[in-house]
Protein chains: 2
Amino acid sequence: MANVPIKNKIRELRFFADEMTQKELAELVGVTRQTIMAIEKSKYSPTLEVAFKIAEVFGQSLEEVFQYEG
Amino acid sequence: MANVPIKNKIRELRFFADEMTQKELAELVGVTRQTIMAIEKSKYSPTLEVAFKIAEVFGQSLEEVFQYEG
DNA sequence: ACCAAAAGTTAAAAATACTTTACTTTAAGT
DNA sequence: ACTTAAAGTAAAGTATTTTTAACTTTTGGT
């Protein structure tokens, strides 16, 4: 599992969103800074719930934030 | 966390897809039948990876299969 | 150069997702 | 009514995600 990591555009979206920091995003999402770090770097993929919350913060669809390459 | 469970249309999509069984879906997705059961009944929400795979099986977008109510 | 905030890393513990096995109940066909 | 596949439940174990805490490195401003 986690064969092909899911890519994401969190970093780009953070900077596009007025240079939002990892800490700020973490607080808005309700997870820790380290969790955002790990997800942003594709160390592992988040739960669906966290993924939805991240997309919500940026006002984007889930697919715009996360890209799964089957 | 997991305050408001994420809803899904897996059951409807299975029946729409030629009455696909939980077992068949599980095999296509690469998880067990019990995992499909738990997700279908919103006992817990899947990882993003499993969510993407389920959507892929039905040829639907993630948001069409799973609905997050912030 | 110095300072502070942000980002990155690591390790151990806690929480949650997933598996395996085994059993019960429901639904459908003959 | 009987049989069988499908669906539902539950417990214990494994795997993965998330937290906490502590420390290092990078970046930007003054």
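Keep in mind it's a predicted model, so treat the numbers as computed, not measured. In what follows, every chain begins at residue 1, and chains take the letters A, B, ... in the order their sequences are listed.
- Judged by distance alone, the side chain of A:Gln22 and the main-chain N or O of A:Gln34 form no donor-acceptor pair under 3.5 Å.
- Note on A:Thr21: only backbone sugar-phosphate atoms sit closer than 4.0 angstrom, heavy atoms only; bases stay farther off.
- Of all non-hydrogen atoms in B:Ser45 and A:Glu49, the two that sit nearest each other are OG-OE1, 4.0 Å.
- Residue A:Tyr44 contributes atom OH, which lies 6 Å from atom P of D:dT18 at whole-angstrom precision.
- Between the CG atom of B:Leu25 and the P atom of D:dA7 there is a distance of 10 Å, rounded to whole Å.
- In this structure, the side chains of B:Leu25 and B:Val29 come closer than 4.5 Å at one or more pairs of heavy atoms.
- Nucleic acid contact for B:Thr35: base, since at least one base atom lies under 4.0 Å from a heavy atom of the residue.
- Salt bridge status for A:Glu27 with A:Arg33: absent, with no side-chain N to carboxylate O gap under 4.0 Å.
- Put simply, the side chain of B:Lys53 reaches to within 4.5 Å of the side chain of A:Tyr68, judged on heavy atoms.
- The shortest distance between the side-chain N/O atoms of B:Thr47 and the OP1/OP2 oxygens of D:dT17 is not below 4.0 Å.
- Residues B:Arg33 and A:Glu24 each lie close to DNA chain C; by heavy-atom proximity, the contact nearer the 5' end of the strand is made by A:Glu24.
- We find that CD of A:Gln34 is positioned 10 Å from C1' of C:dG8, with the value rounded to whole Å.
- A:Val57 places none of its side-chain heavy atoms less than 4.5 Å from the side chain of A:Phe52.
- Distance B:Ile36 CD1 to D:dT9 C1': 17 Å, rounded to the nearest Å.
- With contacts defined as side-chain heavy-atom distances shorter than 4.5 Å, the pair A:Phe58/A:Phe16 does not qualify.
- Protein atom CD of B:Glu27 is 12 Å distant from nucleotide atom P of C:dT19, rounded to whole Å.
- Within a heavy-atom distance below 4.0 Å of DNA chain C, the residues of residues 11-20 of chain A found are A:Arg11, A:Arg14.
- Taking atom CD of residue A:Gln22 and atom P of nucleotide D:dT27, one finds them 13 Å apart after rounding to whole Å.
- Atom P of nucleotide C:dA7 and atom NZ of A:Lys41 are separated by 11 Å, given to the nearest angstrom.
- Rounded to whole Å, the distance from CZ on B:Phe52 to C1' on C:dA17 is 18 Å.
- Axis angle across the helix from C:dA1-D:dT30 to C:dT30-D:dA1, with five pairs used at each end and values rounded to 10°: 60°.
- Distance alone, capped at 3.5 Å, places no donor-acceptor pair between the A:Asn8 side chain and the A:Gln67 backbone.
- Using a distance-only test at 3.5 Å, with no hydrogens or angles considered, a donor-acceptor pair links the side chain of A:Glu63 to the main chain of B:Leu62.
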